[in-house]
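Keep in mind that this is a model prediction, so the values were computed, not measured. The analysis underlying the following values was restricted to heavy atoms, covering all of them including side chains, and did not include hydrogens, waters or symmetry mates. Ligands are counted one by one from 1 in listed order, and the atoms in each one are counted from 1 as well. The first residue in the sequence is number 1, and the count goes up from there.
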Amino acid sequence: MRKQIAAANWKMNSTYQQGEKLMDEILGARIKLTPDQLTIFAVPFPYLLMGRSEVAEEKNYHVAAQNCHHKKSGAFTGEVSAEMLHSIGVAYCVVGHSERREYFGETNAQVAEKIDQCLQNFITPLFCCGEALDVREAGEQNNHVALQLRESLFHLTAEQMKGVIIAYEPIWAIGTGKTATTAQAQEMHAHLRSILSEQFGQSTADQVSILYGGSVKANNARELFGCPDVDGGLVGGASLVGAEFVQIIGALKK
Ligand code: 13P
């Protein structure tokens, strides 16, 4: 079975102390993950080492950075490279989140470079894609995500592609309380997998985990994760509430 993944994206929320307490609460619930399940906490940069020590004794629990720079190193004040993340033992990194694309002008080409930086530094990228509301209303969502995949992932080999996690996050569902229906999620995830299959072959496509993100909550996670091509979720708001996120982890396919 493909890896089933519950990924928390804290975004720019919580103090260090609140974050530590939240992780204590979630890990304290002692949800045992199967070998095919993972939980990943994408925390702000200053909390990565704390998070890493929190999960150190936990099987299949990891931390992720929420971003990295697209260049290897250099005069980029305030930025963090994939190499730096690797040097403190971070093994996952979110790249191309829609908020980075919208507010920081990230392009598909830069996201492609970030993917390369991650892979060169033994970091598994969680590559985000997804369409805005106007794109969906125009019925262009399939073409939109196809372009995102083409421009950011198609330069990879099949072997490299197996080391990437995809998160489909329709922008209209992020932080809005509006979730894609299971039919919409399954349809898009199947579409993404068919794009991967065409480019990298079926066996690679079958191994890539595709997460759904956009108002995943404790009360809709099981239904969404139950879709055959939905391999878990990338969760914002609900990942900041311990009891909610515990239930979301518990909703992963077994
Ligand atoms: P919400 O779960 O708050 O809608 O956020 C989704 C998201 O952007 C996760 O990366």
**Student:** What are the atoms of ligand 1, with element, lying closer than 4.0 Å to any heavy atom of His97?
**Tutor:**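 Numbered from 1, ligand 1 contributes 7 (C), 8 (O), 9 (C), 10 (O).
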**Student:** Test of understanding: given a 4.0 Å heavy-atom threshold, classify the contact between Ala173 and ligand 1 as side chain, backbone, both, or neither.
**Tutor:**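 Backbone only.
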**Student:** Do any N or O atoms from the side chain of Lys253 and from the backbone of Cys227 form a donor-acceptor pair under 3.5 angstrom?
**Tutor:**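 Flag set: sc Lys253 to bb Cys227 pair under 3.5 Å.
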**Student:** Which atoms of ligand 1 are found less than 4.0 Å from any heavy atom of Gly175?
**Tutor:** 1 (P), 3 (O), 4 (O)
**Student:** Among protein heavy atoms, which sits nearest to atom 3 (O) of ligand 1, and what does the distance come to when rounded to 0.1 Å?
**Tutor:** Gly237 N, 2.8 Å
**Student:** Is Tyr92 linked to Met23 within one hydrophobic cluster, defined over Ile, Leu, Val, Met, Phe, Trp and Tyr using a side-chain heavy-atom separation of less than 4.5 Å?
**Tutor:**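 No, Tyr92 does not connect to Met23 through the hydrophobic network.
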**Student:** Can you measure from CZ (Phe154) to CD (Gln148) and round to the nearest 0.5 angstrom?
**Tutor:** 12.0 Å
**Student:** Looking at Gly214, which atoms of ligand 1 are within less than 4.0 Å of one of its heavy atoms?
**Tutor:**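 Every atom of ligand 1 under 4.0 Å from some heavy atom of Gly214: 4 (O), 6 (C).
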**Student:** Among all protein heavy atoms, pick the one closest to atom 5 (O) of ligand 1 and tell me residue, atom and distance.
**Tutor:**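 Result: Lys11 NZ, 3.3 Å.
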**Student:** Kindly indicate, with the supporting measurements, whether the criterion side chain to side chain contact (heavy atoms under 4.5 Å, CB included) is fulfilled by Lys3 and Asp231.
**Tutor:** CA-CA 7 Å; Lys3 292 273 182 243; Asp231 307 309; over 6 Å; no
**Student:** Hydrophobic clustering (ILVMFWY, side-chain heavy atoms < 4.5 Å, transitive) - are Ile248 and Val43 grouped together?
**Tutor:**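 Hydrophobic grouping puts Val43 with Ile248.
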**Student:** Hey, is ligand 1 close enough to Ile174 that some N/O pair sits below 3.5 Å?
**Tutor:**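 Min N/O separation from ligand 1 is not below 3.5 Å for Ile174.
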**Student:** Which residue, Lys114, Gln117, Gln110, Glu79, forms the side-chain contact (heavy atoms from CB on, under 4.5 Å) with His69?
**Tutor:**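 Single pass found, and it is Glu79.
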**Student:** Quick check for you: to the nearest 0.5 Å, what is the distance between Met188 atom CE and Tyr212 atom OH?
**Tutor:** 11.0 Å
**Student:** With heavy atoms of Ser215 as the reference, note each atom of ligand 1 found under 4.0 Å away.
**Tutor:** 1 (P), 2 (O), 4 (O)
**Student:** I need the nearest protein heavy-atom contact for atom 2 (O) of ligand 1: residue, atom name and distance, please.
**Tutor:**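 Here the nearest protein heavy atom works out to Gly236 N, 2.9 Å.
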**Student:** Once you restrict to heavy atoms under 4.0 Å, what part of Asn9 touches ligand 1? Side chain, backbone, both or neither.
**Tutor:** side chain
**Student:** Give the atoms of ligand 1, by number and element, whose distance to some non-hydrogen atom of Glu169 is under 4.0 Å.
**Tutor:** 6 (C), 7 (C), 8 (O), 9 (C), 10 (O)
**Student:** Does Arg101 pair with Glu106 as a salt bridge, N-O distance under 4.0 Å?
**Tutor:**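 Here Arg101 does not pair with Glu106 in a salt bridge, since their nearest N and O are not under 4.0 Å apart.
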